[in-house]
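One structure is given here, and the rest of the page talks about it.
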There are 2 protein chains.
Amino acid sequence: MQGSVLSGDDRLPKYMRLADSIRTEIALGKRRPGDQIASEAELAMHYDLAPGTVRQAIAILVDERILERQHGKGTFVRHPRFDSSMFRFFRFLGADGLDLEPESRILRRLLLPAPEHVAQALSIDVGADAIFMNRLRLVDSKPVLVEEIWLPLPRFSAFLEIEEREIGPLLYPVYDRECGQIVARAEEYLTAEAAGVEFSSILQIEPSEPVIVIDRIAYAYDDVALEWRRSRGLAKEFNYHASIR
Amino acid sequence: MQGSVLSGDDRLPKYMRLADSIRTEIALGKRRPGDQIASEAELAMHYDLAPGTVRQAIAILVDERILERQHGKGTFVRHPRFDSSMFRFFRFLGADGLDLEPESRILRRLLLPAPEHVAQALSIDVGADAIFMNRLRLVDSKPVLVEEIWLPLPRFSAFLEIEEREIGPLLYPVYDRECGQIVARAEEYLTAEAAGVEFSSILQIEPSEPVIVIDRIAYAYDDVALEWRRSRGLAKEFNYHASIR
DNA sequence: CACCTATACTCCTCTATAGGACTATAGGAG
DNA sequence: CTCCTATAGTCCTATAGAGGAGTATAGGTG
């Protein structure tokens, strides 16, 4: 096929409109992570563009970490891989000095009315029912992280039905497989506080000991908020790194 | 001038070698933040390259936040602006709800033998003398942040001589003006802990109250480590945001 | 004086083309 | 069977050029 025309505002540069068009295809689910997109030559032919213009469009999406180029193979929808990012920050070393894979234990999973800050983040009505899950992460059978997770309905209603043993330590693959929801990006907000009575007993520390609190809102490709999560972990195991310039 | 030849390994693509060449000029101090570099057309002429190749080289440096393009005006060495980044994280609001400019009070400034972690970061000998500075940041006359700062000799020897009143709240401009040292980028490492007796008294809080600890190593354009800094601030005023994908 | 216009310089968009480098596969040589 | 080679498809590098768009300035117009 040849001579197809780019949609969108024609006052915008062609490379932007092509990038928008590919981004939209992904947001609509026509292309999933891992899928190969059309080659640069095909896109150029299809939309009647010069190769350089196509490359410029793709460069934008590579920069946004939506696409990934592989020299000699093709261009692919990137697999977002940050579910375990909490363990970029928390390094738990076993007696042998090697990183340990943390276990997961679900403490509660039920419907509850969403509190205000959650409802706002997930764009649902305050007090509307949502799925609430309470999870404990353990390393060497010692608790290191507690999580409060909120998921909106009806998008995640299937998540209440599935067996607990089907839920591994990584939740985002489960969201994809069981509910068809793909997490594309997230925003994290980080602070610290004293553990307090509730969490000190769960984490088996003193109430005055500091914990890191990470709030995360996860979004789909179309920017719909999918999950609200608050994680608390031992501050002394926590180390975050950032490069700034 | 025309027909100049790119230096560096000629197995590398030309755009990379041009980027390297510009980066090196900046590292050597031939170009300073704010300076305008040669136009794309001039560079293309000078090195006998196609305009697209020059643009590709500049794009790399723009991506690295070393250069900045201004449509219609030119391309400039970017001003690194992150000295106040601590106050991206700590938001101190006055009674009127507006952001407050924090004051600075230097508690100590003297030569001391560098402890191991500092010496390692600054690539100097353990126990070698270095400048140590202890600084307090205040908002509304209330202490909110304590800083320990280490600077290597002989690079910063002028810093010991200058009057305290010449040192404003922002140190990096002082490093530039007084010592000719430009901070180009930094690495930050973040954790939290209980304040402890020493810092609780300085920050006027309880010893058990949590504080955020930010270690920062600042580097020049040529990747020489210029400053080691550890800042401690009230955790409850601290909020860090990150986008991940 | 205030305003407009022409000019020159900058980066930006887009076209068109040629060949190199990397990957994968099919088929033949040994 | 293993190894090599040819081939085709992919992204990557580089060339050359035309015109658009934003910025600044000099000089003319009213």
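Sequence lines set the chain letters: A, B, ... in the order given, protein chains first and strands last, and positions in each chain run from 1.
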Using whole Å, report how far CD1 of A/Ile58 lies from P of D/dT13. 14 Å
Atom-to-atom span, CZ of B/Arg69 to C1' of C/dC9 - whole angstrom: 17 Å
Side chain of [X], heavy atoms from C-beta onward: which of [options] has the nearest atom to it?
X: B/Pro13; options: C/dT13, D/dC11, D/dA14; answer: D/dA14
X: A/Ala50; options: C/dT15, D/dT10, D/dT13; answer: C/dT15
X: A/His71; options: C/dA21, C/dC11, C/dC14; answer: C/dA21

Less than 4.5 Å apart, any side-chain heavy atom of B/Tyr15 and any of B/Leu49? no
Any A/Val77 side-chain heavy atom under 4.5 Å of A/Arg32 side chain: no
For A/Arg216 and A/Glu227, run salt bridge (Lys or Arg N to Asp or Glu O under 4.0 Å): C-alpha distance rounded to whole Å, both residues' side-chain angles, the deciding distance at 0.1 Å, then the answer. CA-CA 8 Å; A/Arg216 176 198 280 180; A/Glu227 181 205 55; 5.1 Å; no
Check the phosphate of C/dT15 against A/Thr53, side-chain N and O only, distance under 4.0 Å to OP1 or OP2. Yes or no? yes
Donor-acceptor check, side chain of A/Arg11 to backbone of A/Asp9, threshold 3.5 angstrom: yes or no? no
Taking the nucleotide of DNA chain C with the nearest heavy atom to each, does A/Lys73 or A/Leu49 sit closer to the 5' end? A/Leu49
Judged by nearest nucleotide, the residue sitting upstream toward the 5' end of DNA chain C, A/Lys14 or A/Gly72, is A/Lys14
